[in-house]
Amino acid sequence: MNIGIVGLGLIGGSLAKSIKQHTGHTVLGFDIDENVISQAEMCAAIDGVLTDENIGSCKVILIALYPGLCVDYIRKNADRFAPDTLVIDCAGVKRSVVEPAREIAKGHSWTYVGGHPMAGREFSGFGYAINNLFERASMIVVPPVGAPIELLSYLKDFFLSIGFKTIQFTSAEEHDSMISYTSQLAHIVSGAYVKNPLSQQHKNFSAGSFMDMTRVARLNENMWTELFLANNDLLVPQINDLIYRLEQYRDALKDCDAERLHDLLKEGRIMKEALDH
């Protein structure tokens with residue numbers, strides 16, 4: 001079948017390469033940068049360009065754009081999607097995309113599904129797209145309310161077939177709540193941590209911990225600004241919670257309270273060990 005991919009950056013490009021690696025589907029791709037389209041064609045990540053004329057031939061359309069642009073694209077092409085098409089966005093937040101997209105889908109016979117591939121790298125752009133980015137990744141899926149079991153089964157089989165390890169069905173609200181902690185908070189912590197003046201002198205004084213803590217500070221600030229602001233009501237409480245917990249460690253150190261510091265460290269170790277089992 002024909003699969004359309006809109007946006008050939010890290011995620012869209014990796015989706016294209018994964019589909020070509022794992023299936024016999026035809027991939028039609030579009031990117032605002034014509035040089036990216038040329039690169040994708042030359043390395044056989046896509047079989048052709050996704051256009052207004054052939055968009056109706058696609059059974060599945062994956063939209064790998066910033067959240068606002070995902071909604072804009074769905075709105076612009078709502079009358080071009082074929083009746084049986086699955087239109088799936090891949091944005092990193094869901095409420096701000098799912099709610100308007102579902103409204104647009106009303107009155108049309110194509111189906112909108114929210115999605116978020118839980119994978120990434122500290123680099124962006126098609127040049128860093130790889131065909132195995134999703135091999136250990138979960139695909140989060142926000143199906144339509146009351147979706148039939150046949151649709152859920154199809155979505156699961158489809159994403160597993162293109163290389164994902166697991167599929168997680170959820171609501172837009174649960175997705176954004178969890179992502180505020182598991183992804184967004186981690187990026188903020190990394191960005192704040194690397195700003196310490198000592199980071200400029202870390203060479204020969206750092207090992208894996210420093211690299212782990214700073215890895216995701218290398219981000220696309222344009223995209224992450226939009227993601228953070230779209231989820232600010234859930235992200236701010238997570239930051240406040242972290243500040244509260246950091247203050248506990250700070251106060252134990254300031255007071256030279258060995259017992260309290262020991263207990264805090266032990267609590268963290270026990271929780272981490274429980275997560276690893």
Side-chain angles (χ1 to χ4, degrees), residues 1-31 40 43-47 50 58-67 70 85-94 97-98 101 111-126 128-144 147-172 174-179 181-184 186-187 215-216 220 223 227 275-276:
M1 70 178 175
N2 287 355
I3 298 176
I5 299 181
V6 184
L8 296 172
L10 173 65
I11 296 299
S14 295
L15 283 168
K17 291 184 176 183
S18 295
I19 292 168
K20 296 304 296 180
Q21 170 79 10
H22 294 285
T23 77
H25 299 316
T26 297
V27 177
L28 303 176
F30 175 79
D31 194 276
C43 71
I46 63 174
D47 299 292
L50 181 67
C58 295
K59 175 71 173 177
V60 175
I61 296 178
L62 300 167
I63 308 172
L65 302 173
Y66 293 5
C70 286
T85 300
L86 286 178
V87 178
I88 306 170
D89 85 273
C90 298
V93 288
K94 293 274 66 80
V97 179
V98 168
T111 300
Y112 164 72
V113 176
H116 184 188
M118 289 304 298
R121 303 178 71 185
E122 58 268 38
F123 306 102
S124 60
F126 181 80
Y128 295 100
I130 52 177
N131 61 19
N132 62 349
L133 184 65
F134 310 112
E135 66 179 10
R136 292 186 296 274
S138 171
M139 179 65 189
I140 301 180
V141 177
V142 180
I149 189 65
E150 292 81 8
L151 174 60
L152 302 182
S153 179
Y154 181 89
L155 289 166
K156 180 178 180 180
D157 291 344
F158 172 73
F159 284 113
L160 290 177
S161 76
I162 66 173
F164 285 90
K165 181 180 180 181
T166 60
I167 313 300
Q168 177 68 52
F169 292 103
T170 189
S171 66
E174 182 181 30
H175 169 277
D176 286 359
S177 177
M178 290 300 300
I179 290 302
Y181 170 66
T182 62
S183 176
Q184 294 183 338
H187 283 77
R215 182 180 67 82
V216 294
N220 177 340
M223 180 182 74
L227 292 173
L275 292 175
D276 290 343

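The structure displayed is predicted, hence computed values, not measured ones. Because only heavy atoms are used, hydrogens play no part in the values below, and waters and symmetry mates are left out as well, while side chains stay in.
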Student check: side-chain heavy atoms of V93 and I179 closer than 4.5 Å: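 Side-chain contact under 4.5 Å: no.
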For residues 85-92, please give each side-chain donor-acceptor pair under 3.5 Å, one per line with the distance, not counting sequence neighbours.
residue : atom : partner : partner atom : Å
T85     : OG1  : C58     : O            : 3.0
T85     : OG1  : A82     : N            : 3.3
T85     : OG1  : A82     : O            : 3.1
D89     : OD1  : Y112    : OH           : 2.5
D89     : OD2  : A91     : N            : 2.9
D89     : OD2  : K94     : NZ           : 2.9

Results of side chain to side chain donor-acceptor pair (under 3.5 Å) for T170 - residues two or more places apart only: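 Here the qualifying residues are E174.
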Side chain to side chain donor-acceptor pair (under 3.5 Å) partners for Q168, two or more places apart: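 Once residues adjacent in sequence are excluded, Q168 has no partner under the side chain to side chain donor-acceptor pair (under 3.5 Å) criterion.
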Looking at [X] and [Y], what are the two nearest heavy atoms and their distance?
{"X": "G120", "Y": "L133", "result": "O-CD1, 3.9 Å"}
{"X": "V216", "Y": "H187", "result": "O-CD2, 3.5 Å"}
{"X": "V113", "Y": "P143", "result": "CG1-CA, 4.3 Å"}
{"X": "L8", "Y": "A40", "result": "CD1-CB, 4.0 Å"}

Residue pairs involving residues 128-144 (criterion salt bridge (charged side-chain N to carboxylate O under 4.0 Å, His left out); sequence neighbours excluded):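 Residue pairs with at least one partner in residues 128-144: there are none.
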Residue pairs fulfilling salt bridge (charged side-chain N to carboxylate O under 4.0 Å, His left out) with at least one residue in residues 3-13, sequence neighbours excluded: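 Sorted pair list comes back empty.
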Listed partners of D176 passing salt bridge (Lys or Arg N to Asp or Glu O under 4.0 Å), at least two apart: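 By the salt bridge (Lys or Arg N to Asp or Glu O under 4.0 Å) rule, D176 matches R95.
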For R215, salt bridge (Lys or Arg N to Asp or Glu O under 4.0 Å) partners two or more places apart: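 Salt bridge (Lys or Arg N to Asp or Glu O under 4.0 Å) check on R215 returns E122.
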With F169 via ring pair (Phe, Tyr, Trp, His ring centres under 6.0 Å) - residues at least two apart: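 Expected list: none.
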Set of residues satisfying ring pair (Phe, Tyr, Trp, His ring centres under 6.0 Å) with respect to H22, sequence neighbours excluded: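 If we apply the ring pair (Phe, Tyr, Trp, His ring centres under 6.0 Å) test to H22, skipping adjacent residues, there are no hits.
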Taking distance alone, no hydrogens or angles, what donor-acceptor pairs closer than 3.5 Å link side-chain atoms of residues 11-21 to residues at least two apart or in another chain?
residue : atom : partner : partner atom : Å
S14     : OG   : L10     : O            : 2.7
S14     : OG   : I130    : N            : 3.1
S14     : OG   : I130    : O            : 3.3
K17     : NZ   : A129    : O            : 3.0
S18     : OG   : S14     : O            : 2.8
S18     : OG   : N131    : O            : 3.1
K20     : NZ   : H25     : O            : 3.4
K20     : NZ   : D47     : OD1          : 3.0
K20     : NZ   : D47     : OD2          : 2.9
Q21     : OE1  : N131    : ND2          : 3.3

In Å and rounded to the nearest 0.5 Å, what is the [atom1] to [atom2] distance from [X] to [Y]?
{"X": "F30", "Y": "I61", "atom1": "CZ", "atom2": "CD1", "result": "12.5 Å"}
{"X": "S183", "Y": "M178", "atom1": "OG", "atom2": "CE", "result": "11.0 Å"}
{"X": "T23", "Y": "M1", "atom1": "OG1", "atom2": "CE", "result": "7.5 Å"}

Listed partners of Y66 passing side-chain contact (heavy atoms from CB on, under 4.5 Å), at least two apart: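 By the side-chain contact (heavy atoms from CB on, under 4.5 Å) rule, Y66 matches L69, N220, N222, M223, E226.
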side-chain contact (heavy atoms from CB on, under 4.5 Å) between L50 and I5, worked out: CA-CA 8 Å; L50 181 67; I5 299 181; over 6 Å; no
Under 3.5 Å, sequence neighbours excluded: what are the donor-acceptor pairs made by side chains of residues 147-159?
none

